[in-house]
Amino acid sequence: MDSTAVAISLKDNISSLSYFVPEFILIGLMLVLIIVDITIKRESTPWLGVIALIGSVIALVAVFAQAALPVTGLFNNMLAVDPFSWFFKLLFLGSMILVVFLSMTSLELAGRNVGEYFILLTATTLGMFWMASATNLLTIFIAIETVSITSFALASYLKTVKRSSEAGLKYTIYGTFSSGLMLYGFSLLYGLTGSLNIVEISKILASSQPHPLTLFVAVLLILAGFGYKIASVPFHFWAPDVYEGAPTPITAFFSVGPKAAGFALLIRFFNTALATTEDGASWYPVVAEVNWPQLLAVVAAATMTLGNLIAIKQNNLKRLLAYSSIAHAGYALMGTVLLTREGVYATMFYLVAYYLMNLGAFLVVIICQELIKSERIQDYRGLGYRAPVVAAAMTIFLFSLTGLPVTVGFIGKFYLLAALVRGGEQYIWLAVVAVLNTVVSLFYYARIFKAMYLESTDDLTLTRLQISPSALVLLAVFAVPTVFLGVYWAPLFDWATASVKFFAGL
Amino acid sequence: MDNPILTQALIVLLLPLAAFVIQIFVGKRLPRQGDWLPTSAIFIGLILAITLFGRMLANYDPAFKISHRFDWINIGSLQISFGILIDNLTVIMLVVVTLVSALVHLFSIGYMHGDVRYSRYFAYLAIFSFSMLGLVLVDNFFGIYIFWELVGLSSYLLIGHWYEKKSASDAAIKAFITTRIGDIGMLIGIMIILATLGTFGFDEVFAGVADGKLSGGLLTFAGIMIFFGAIGKSAQFPLHVWLPDAMEGPTPVSALIHAATMVAAGVYLVGRTFVFYSADALLFIGVIGTITAFIAATIAITQMDIKKVLAYSTISQLGYMVAALGVGGYMAGLFHLMTHAFFKALLFLGSGSVIHAMHHAYHELHDHHSDPQDMRNMGGLRTKMPITFATMLAATCAISGVPFFAGFFSKDAILAAALEKALTSHNPIHMVIFGTLLLCAGITAFYMFRLVYLTFFGEPAKKEVHHHAQESPTVMTVPLIVLGVLAVAGGYGHWFEDLVTKPDLAAYATTALVSPAVPEAGHEAAHTAHTMAMWLSIFAAGLGILISTAFYYWKKFSAEAMAERFKPVYNFLWNKWYFDELYAKTVLAGTHLFSRISGWFDLKVIDGLVNGVAKITVLGSRLSGWNDNKIVDGLVNLTANVVGWFGATLREVQTGRVQNYILMALGAVVLLYVLQLAFA
Amino acid sequence: MTSFDVMFYVIGALTLLSAVIMVFSKNIILNAIGLLFTFFGVAGIYVMLGADFIAATQLLIYVGGILVLLLFGVMLSQRITGLEMRTGTLQVVPAAIVCVGIAAILLRIILTTPWPQAKVAAPAPTTSKIGELFMTTYLIPFEIVSVLLLAALVGAAFLGRRDAR
Amino acid sequence: MMPVGLTHFLVLGAILFCLGLLAVITKRNAVTVLMGVELIINAANINFIAFARYLDKDLDGQMFGVFVIVIAAASAAVALAIVLNIYQRMRSVNLDEADSLAG
């Protein structure tokens, strides 16, 4: 590297710093939390949560301030700022803020040392930021590992609880194994192209004629890393166990945050590394020999079907929601199948819908852990009478998860199906599978609904339950948009479509 | 929104919604638990609908059609506008829906008095009315699907209103899920429309079909798929099993579901999208309708529960309407929908009145075991309940097709349409359809008069009960009288045929490429068919009534003896053609098959991975436990069980051991690689 | 056969042999020792590939750090005196089948792919170049890895700590 | 015999990779399983460095290798902390005994 190249590179690093403000704020938040945690030596102080909340809100403001930034690569094209990553960053901060809220009210964490908890949560969010904006195999790897390593610790955060420790152990073994596979896949991709930058990789793949089978194996192994983050078949096995064992706010977080980050990564990878990105209406796969849509379609169909089928047999609501979240990953994957613009924004729309309805459902689970001290569905009997507002909110979330009309879940599913059907006739079968799956999902969502409203309870349990005002407010925060966006979703839709813009230059 | 008609229609639509919202939140705190609120909302709607109707009559125009669209969603280049469309058919439907709904509201004030969830009940009624009105008003497939689901949802709430009763909550779930199975088909059909035509609006879709953008086998397939929605909602064979169970809801709800709302939705859908169906799709529709009409009619002969008889008669009459549409009798089918709405609502409310009285009588006698709905416990009620009797008799005459009652005109029209089709099409299937429908007309007359004789004539089955029975309160009899008048007079004056025109696909064509529609069969043939059909139908009805009278009034023959003599047939009918059992049997056979497959699967595949013989034992014992379980209810359980079986088996894979997971993930990677090799 | 080839086969054999010991031995101490020699062998491979800096890093971090960490894990979680030093195996047959399948796939693609190769220059010292890259192109990965390390530190410290209550 | 070149190193890496997989799947002891993961990571690293050598690009592959080693260390630290934690709960680090969450 000669001196002018060094100078250019350094200059790029320095000029990129101004785009990095939200990340700096989160890093600062981590440090502040560490210092406060060390200096205040009291167990379970509310201050840590408040600080985390303030910090994440400031970061949110900083991300908002980036709305009008140009699409550009940062730090020698290691990361990128573009509307696509912007969209996801807002989603991540939204998840983080809510999970901080949930954690402050959660019974499971009460009386524990929560300093490290919020530090790790902040670090996970940082990792997700990088997952959404990484444009280099190395930064992708670092980002995934940041999210993974902190997630392992968060899953086993309840050290004294066996199921939490077990969840952490399984997550760790499965996670390190998956990143090992992904790493090997990266090495093969590097060998094929000689580059780590995904935009460059795309160009080299387009110009040289790579061995299709080798490329396929490389991407299959890489998919192990991405697939494990979004919990898609066949890399989903960890999810139910970890979701059940982890502290419930963390489960809620896992089911939306890292999953959305995985989707961001997957979409960016498939659409910029394996296809040529143009500002036009659609993308064209550069490697015609390998049929990525077919691979993704098979994975999507398997994911939704498996998640839904197993969910039917669950009695623990947390575990049921784990399987349902696997199924929803399958639905969201449908949008990525065709590598079209329409599909991508359908997926993004669906992720927001999923964020609302799934976090809402978990919120109900957390509230009910306090109210009825149980996660089992049969203990939700009579909830419609005992806590009408909670049950009504749950009903809204369940309807939305099922995809019934006048909820955002319906609109999201509709866009996905529409994108699929309009993308070409060869994937109508996948749309049919998805529709059949919604019917299957009805069976288990209806079970919860039935338990809450249609099953008789003995007289003992027929007492009204007291719900805290803050819980009511939180419920409203999720239930109202779930319905409102089901009727008037134009703003969300516009946001999602405007965000389908990747960094593609060099 | 410049057009006053549109505004008015929109108000009719939104009033029940507003009532629902208020009622669900504050209904309990309102005076009288707010029952007046949805009731008055729907009555205002009724008045508005009637003025619309009057306006329509005053400025008579067969081609009257206005619509308004709001931009709603954009999917790329595709714009979905949400619009309402009003033509003569819509206005008539508005009147019918609001009328029946209003009367049901009124009737419910008496019937549901003192119910635990009285206020909730009225909220559900309101949302039901709203959904149905929306269904009538929207102008595109997408909107129809949304309201379609809403109707399903609100019917679920209403059927399950007495959810403390297990049978009621089961029936609610059964109705919801069975109809949704039909909805899947409908959604698939809509998706095909979207994929090929890129639009949802009725007019655009029909134009696309007329221009030949969607044609041939795919058009037929799409049509049949859309019709699947109607099969579910309108309780057509083979998805009819939910409707009789839906009787578990309060009786006014049954009236609402059966008369003008939920089950009518399917018929209305087929009517509204009539031009969309290719000839083959129409034949399919006609066959399904005929099968339904016949099966349900034969089942109704043997039933003893007064509401069950009416339920099967509804299914049968719906089959009539669908068959009529299938043979091209657009007018006849929809006309029958109108007249049927009147007399079926009347029959249900009348039976509700009877049950109310029986219930009351049992209550007085402190008898809590006897079934107030069993006709064997009734008899001789005509002296005790004269108004109920008179109105019920009128409705029975109407449904049986006795001349000069409303049902006569519409039923006659259907038979005429079927005969005309049979005469012109030269397709033997059409002849069979006509013959079966004619037979059904006779059977209908038979079982309806059987109902009247058993309930109102003869000696009371239990003297003391009879003694305590009394006429229902005015709030319940007024709706009966109103409907009674309509059941008598609703068919006169050719009003329906004058107002509604049969749509013509060619009219939608935007290009002139399409050959003009095949001209309708000559006036001559139609006239012959009409006269012939009229006499045949009178004959069939008369014969049915005669036989019924011979059995149940003159007691010339003993029904019991007949039943004994033709025991297999009787059992077959009494058990509703063993439909529920058939579905259950399929489940059992399926389970056996699955258990064998799964045993093999476990042995050969999972075992190696799971490395535990114990797993098989667990699975085996669970499956044998499964066989012991009494598996009862039809299609719902079939799907639920098969799906559940898969769930349970797949669940075994989640062993809890992380290294199993890793192994399986790697195995899947190898599998994907092999698949890629095989298909690339 | 050049001396380079001979060296490759010797080091390769050492690496694979110790890896096989690591995988197939039932004694956990032998597993760890096998892993140690595998790491050494891999470091040797790095040297042969002209990656002197990585080889040094491998020795320092892997042999010095990770392996010591793993040994600590072994010691802390096993009763050193007892019989528990032997570790069992699970699902050997299906595992073998799947691994052979994966091996077949990988070998097939490795041997059939025409990898893009340039003319290989003589190995040169890489440390200063790598140092330069750390400060220029790879500055941000270098920095964000520090966040990862900090988070890992916090997590490991929290989990390893014995709580007061 | 072919002179030693890129494929030789790749084959070595592939064999190490599969041995690592085998260890991860079959070993009961969690610490040994983590050792298997390290083998997988080393296999990938050999690939990276071999490619970097024979493609003769910039030192991208080597840089990746350095980062992988560092991250592997961090990952191993957290993983071992979790293993120790499970040892305190269960008095065992056998993975097949941690199966209470299942189904």
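Labels below follow one simple rule: chain letters A, B, ... track the order of the sequence lines, proteins then strands, and each chain is numbered from 1.
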Asks: In Å and rounded to the nearest 0.5 Å, what is the CD1 to CG distance from C:I140 to A:L74?
Replies: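 Those atoms lie 8.5 Å apart.
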Asks: Has C:F134 got more than 12 heavy atoms of other residues, nucleotides or ligands less than 6.0 Å from its CZ?
Replies: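 Yes, CZ of C:F134 has more than 12 neighbouring heavy atoms, counting only those of other groups under 6.0 Å.
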Asks: Less than 4.5 Å to any heavy atom of chain A: does that hold for the side chain of C:I144, its backbone, both, or neither?
Replies: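 Interface part for C:I144: both.
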Asks: If you count heavy-atom pairs under 4.5 Å with chain C, which of A:F141, A:Y117, A:F152, A:Y184 comes out on top?
Replies: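 That would be A:Y184.
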Asks: Looking only at atom types and distance, does a side-chain atom of A:N13 sit under 3.5 Å from a main-chain N or O of C:T136, one as donor and one as acceptor?
Replies: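 Yes.
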Asks: Give, for atom CG of C:L106 and atom CG of A:L221, the distance between the pair rounded to the nearest 0.5 Å.
Replies: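 Atom-to-atom, C:L106:CG and A:L221:CG are 6.5 Å apart.
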Asks: In Å and rounded to the nearest 0.5 Å, what is the CG to CD1 distance from A:L220 to C:I105?
Replies: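 Atom-to-atom, A:L220:CG and C:I105:CD1 are 8.0 Å apart.
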Asks: Do A:E23 and C:E143 have side-chain heavy atoms sitting under 4.5 Å apart?
Replies: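 Answer no - side chains too far apart.
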Asks: Is it the backbone or the side chain of A:L192 that comes under 4.5 Å from a heavy atom of chain C, or both, or neither?
Replies: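 Looking at A:L192, backbone and side chain both touch chain C.
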Asks: Counting only heavy atoms closer than 4.5 Å, note whether A:I34 contacts chain C via side chain, backbone, both or neither.
Replies: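 It is the side chain, since no backbone atom gets that close.
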Asks: Any non-hydrogen side-chain atom of C:I109 less than 4.5 Å from a side-chain atom of A:H211?
Replies: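 No; the side chains remain at least 4.5 Å from each other.
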Asks: Need one label for A:L31: side chain, backbone, both or neither, based on atoms under 4.5 Å from any heavy atom in chain C.
Replies: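 Looking at A:L31, just its side chain touches chain C.
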Asks: Please report the C-alpha distance between C:V154 and A:M30 in whole Å, then the side-chain angles of each, then the deciding distance to 0.1 Å, and finally whether the side chain to side chain contact (heavy atoms under 4.5 Å, CB included) criterion is met.
Replies: CA-CA 11 Å; C:V154 169; A:M30 267 179 83; 5.9 Å; no
Asks: Would you give the length of the straight line joining atom CG of C:L153 to atom CD1 of A:I119, rounded to the nearest 0.5 angstrom?
Replies: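 C:L153 atom CG to A:I119 atom CD1 measures 10.0 Å (nearest 0.5 Å).
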Asks: Can you name the nearest heavy-atom pair linking C:F158 to A:K159, along with the distance?
Replies: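 Result for this residue pair: O-NZ, 2.8 Å.
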Asks: With rounding to the nearest 0.5 angstrom, report the CG to OG1 distance, A:D12 to C:T137.
Replies: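 Between A:D12 CG and C:T137 OG1, I get 9.5 Å after rounding to 0.5 Å.
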Asks: Under a 4.5 Å cutoff for heavy-atom pairs, which residue among C:P141, C:P114, C:A151 has the most contacts with chain A?
Replies: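 Looking at each of C:P141, C:P114, C:A151 in turn, C:P141 comes out on top.
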Asks: Which bit of C:L149 is near chain A, if near means a heavy-atom gap under 4.5 Å: side chain, backbone, both or neither?
Replies: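 Neither part; nothing is under 4.5 Å.
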Asks: Counting heavy-atom pairs under 4.5 Å with chain C, which one of A:T139, A:V147, A:L213 comes out on top?
Replies: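 Maximum pair count with chain C is reached by A:L213.
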Asks: Side chain, backbone, both or neither: which part of A:L196 has a heavy atom under 4.5 Å from chain C?
Replies: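 Just the side chain, heavy atoms under 4.5 Å.
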Asks: How far does OG1 of C:T113 sit from CG of A:L215, to the nearest 0.5 angstrom?
Replies: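 So the OG1 of C:T113 and the CG of A:L215 are separated by 10.0 Å.
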Asks: Side chain from CB out, backbone as N, CA, C, O: work out which of these in A:A153 comes under 4.5 Å of a heavy atom of chain C, or both, or neither.
Replies: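 Both the backbone and the side chain of A:A153 come within 4.5 Å of chain C.
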Asks: Examine whether an atom of A:T150 lies under 4.5 Å from a heavy atom of chain C, and if so say whether it belongs to the side chain, the backbone or both; otherwise answer neither.
Replies: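 Only the side chain of A:T150 comes within 4.5 Å of chain C.
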Asks: With side chains defined as the heavy atoms from C-beta onward, is the minimum distance between C:V147 and A:I142 less than 4.5 Å?
Replies: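 Contact flag for C:V147/A:I142 side chains = no.
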